[in-house]
Protein chains: 4
Amino acid sequence: MALNININTGSSVPIYKQITEQIRLGVATGRLAVGDQLPSVRALAESLAINPNTVARAYNDLAHEGLLETQPGRGVFISAKRQVLSREESRRRLEPLINTLISEGMALNFSAEELQAAFAKQLRQWQNEKGNHHE
Amino acid sequence: MALNININTGSSVPIYKQITEQIRLGVATGRLAVGDQLPSVRALAESLAINPNTVARAYNDLAHEGLLETQPGRGVFISAKRQVLSREESRRRLEPLINTLISEGMALNFSAEELQAAFAKQLRQWQNEKGNHHE
Amino acid sequence: MALNININTGSSVPIYKQITEQIRLGVATGRLAVGDQLPSVRALAESLAINPNTVARAYNDLAHEGLLETQPGRGVFISAKRQVLSREESRRRLEPLINTLISEGMALNFSAEELQAAFAKQLRQWQNEKGNHHE
Amino acid sequence: MALNININTGSSVPIYKQITEQIRLGVATGRLAVGDQLPSVRALAESLAINPNTVARAYNDLAHEGLLETQPGRGVFISAKRQVLSREESRRRLEPLINTLISEGMALNFSAEELQAAFAKQLRQWQNEKGNHHE
DNA sequence: GTGGTCTAGACCACG
DNA sequence: GTGGTCTAGACCACC
């Protein structure tokens with residue numbers, strides 16, 4: 001199944017990050033497998049109606065991470081996924097992300113229960129998306 | 001209890017956001033109570049070795065959120081909590097925060113269940129902390 | 001129709017407020033419609049012969065109010081209208097505006113009835129104006 | 001009846017202006033008559049728990065306007081009220097005040113009807129206050 | 001002393 | 001090209 005990238009130009013998240021994030025996630029969720037081919041810089045830029053430089057930057061970032069490879073003349077491919085972080089290191093990185101969400105959520109006047117519910121709801125939506133790709 | 005703000009000038013997170021974040025956190029945990037006076041713009045700027053304008057911007061943002069009040073000539077104070085944003089707007093702002101956590105969490109190879117559990121655990125810690133400050 | 005902003009540097013009203021005020025007015029009267037692009041920070045600063053930071057601050061304030069959106073690298077646009085503040089907060093902010101009008105009006109020796117009449121008259125003019133822009 | 005001045009230190013309106021405004025209004029509404037004595041700078045400062053300099057500045061402003069006179073050694077008194085502005089000039093000054101209220105009110109998402117109602121309601125409150133003083 | 005406003009000019013991220 | 005952030009330093013209003 002081809003990767004379907006969605007861009008929100010109104011968001012404060014930079015476009016190139018939206019792209020890298022979605023590809024990274026596609027790999028993490030199994031939607032993109034090792035060896036899969038991605039659209040060319042030009043093709044993706046055109047289909048998203050954005051600047052080719054922006055796509056190039058996203059691909060470039062991912063190539064530096066080793067998540068994909070550009071084979072000149074052939075195209076762009078997902079390369080082997082490597083588990084670089086230890087479980088413990090992953091937890092260490094996760095914690096501040098959670099704390100940020102909690103403190104900002106509380107500043108927005110949400111109770112712990114509301115935050116919990118909103119988080120669970122959003123998680124379910126993500127899982128549904130993932131489920132659909134496996135059909 | 002005095003608030004101790006720490007700044008990391010090397011971080012990609014803007015300084016003024018590091019400040020707002022830590023003050024929000026102080027309020028959320030109960031370390032900062034309604035009516036508490038914060039250090040003056042100049043004093044905080046000096047102790048952090050940053051420009052007063054940067055502190056002023058942080059205070060300004062929080063004042064707009066209704067978290068604190070600036071009284072020209074007198075100082076800066078934690079204000080009584082009130083619902084400044086509409087619920088709809090609050091939800092609109094909460095959503096991207098949650099999505100960031102989920103997508104980064106998944107990029108870290110955590111399952112939905114693990115994320116949910118980690119979030120719930122962290123929330124419980126916050127509530128305990130807050131309880132302690134209310135003694 | 002292009003928005004024509006006029007600045008009075010001699011006024012005691014801060015420049016950034018003169019700007020926000022005129023843009024708010026443009027939106028309220030319908031002269032500025034959703035999706036319209038505003039002049040860039042630098043362009044407006046140059047045409048008004050003021051510092052770009054001052055324009056940026058005005059735009060920033062309006063963005064926080066939800067009246068416009070800044071898209072880094074692309075420009076500044078009028079955003080779809082939405083209820084950003086809670087009704088309670090909106091009323092809280094409206095009240096001092098009304099009180100100022102009343103006390104200044106009374107200082108000008110107008111009776112309550114005269115003020116009421118003048119206000120109603122002005123309101124009608126606004127509605128006519130707005131109607132014209134919607135044609 | 002003695003003048004009862006109320007100060008709101010949390011307001012964005014400077015304290016000295018709150019004082020001048022209330023005295024000006026007391027005269028306009030007849031609550032303060034020509035020849036009435038005002039509390040001394042020191043006495044008023046103490047009763048309001050504010051800085052004497054602030055009271056002095058307020059009295060000073062009003063003395064410059066000719067609304068009150070300080071008679072050294074005797075006290076501060078309301079002096080003759082003079083109608084300085086022509087009716088037409090008053091109207092010219094009133095109009096922009098009304099327009100500001102309307103455009104800001106609309107930016108706060110209030111309809112013309114809501115603005116009209118809020119204005120009428122606030123006006124009634126002012127009249128009740130005035131009425132009470134005449135009892 | 002306090003915060004508010006403005007300028008001038010720099011550097012960065014983004015498209 | 002766009003806006004975002006930060007610094008340095010000035011002047012003002014207020015207390």
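Letters A, B, ... are given to chains in the order of the sequence lines, protein chains preceding strands, and every chain is numbered from 1. If you're wondering where the values come from, they're calculated on a predicted model, not measured in any experiment. For the numbers below, each heavy atom of this structure counts, side chains included, while hydrogens, waters and symmetry mates do not.
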Modelled atom types, side-chain donor and acceptor of D:Glu21 and C:Ser103, under 3.5 Å: yes
Residue mapping more 5' on DNA chain E - nearest nucleotide basis, C:Ala49 or C:Gly73: C:Ala49
Sugar-phosphate, base or nothing in reach of B:Asn60, heavy atoms under 4.0 Å: nothing
Residue whose closest nucleotide on DNA chain F lies nearer the 5' end, B:Pro52 versus C:Ala43: C:Ala43
Pairwise distance CG(D:Leu101) to CD1(D:Ile98) - rounded to 0.5 angstrom: 8.0 Å
From CD1 (D:Ile15) to CG (D:Asn51), nearest 0.5 Å: 9.0 Å
Non-hydrogen side-chain atoms of C:Ser86 and B:Arg82 separated by less than 4.5 Å: no
Touch class at under 4.0 angstrom, heavy-atom based, for C:Asn51 against every strand present: base
Show which side-chain atoms of residues 61-68 of chain B pair as donor or acceptor with protein atoms under 3.5 Å away, not counting sequence neighbours.
from    : atom 1 : to      : atom 2 : distance (Å)
B:Glu65 : OE1    : B:Arg24 : NH1    : 2.8
B:Glu65 : OE2    : B:Arg24 : NH1    : 2.6

Nucleotides bounding contact with chain D, strand DNA chain F, heavy-atom threshold 4.0 Å: F:dC14 to F:dC15
A:Pro14 vs C:Thr54, nearer the 5' end of DNA chain E by closest nucleotide: C:Thr54
Under 3.5 Å side-chain donor-acceptor pair for D:Gln122 and C:Asn99: yes
Qualifying residue for side chain to side chain contact (heavy atoms under 4.5 Å, CB included) with B:Ile5, from B:Val55, B:Leu48, B:Leu38: B:Leu48
Sugar-phosphate, base or nothing in reach of A:Ile15, heavy atoms under 4.0 Å: sugar-phosphate
B:Gln37, CD: over 12 other non-hydrogen atoms inside 6.0 angstrom: yes
Sugar-phosphate, base or nothing in reach of B:Arg42, heavy atoms under 4.0 Å: base
Consecutive-pair stems (3 or more, Watson-Crick or G-U, under 3.5 Å) for DNA chain F: E:1-14 with F:1-14
Touch class at under 4.0 angstrom, heavy-atom based, for C:Tyr16 against every strand present: sugar-phosphate
Distance in angstrom units between A:Asp61 CG and E:dG15 P, rounded: 12 Å
C:Lys17 atom NZ, neighbour heavy-atom count above 12 within 6.0 Å: no
Whichever of B:Val13 and C:Arg74 has its nearest DNA chain F nucleotide further upstream toward 5': C:Arg74
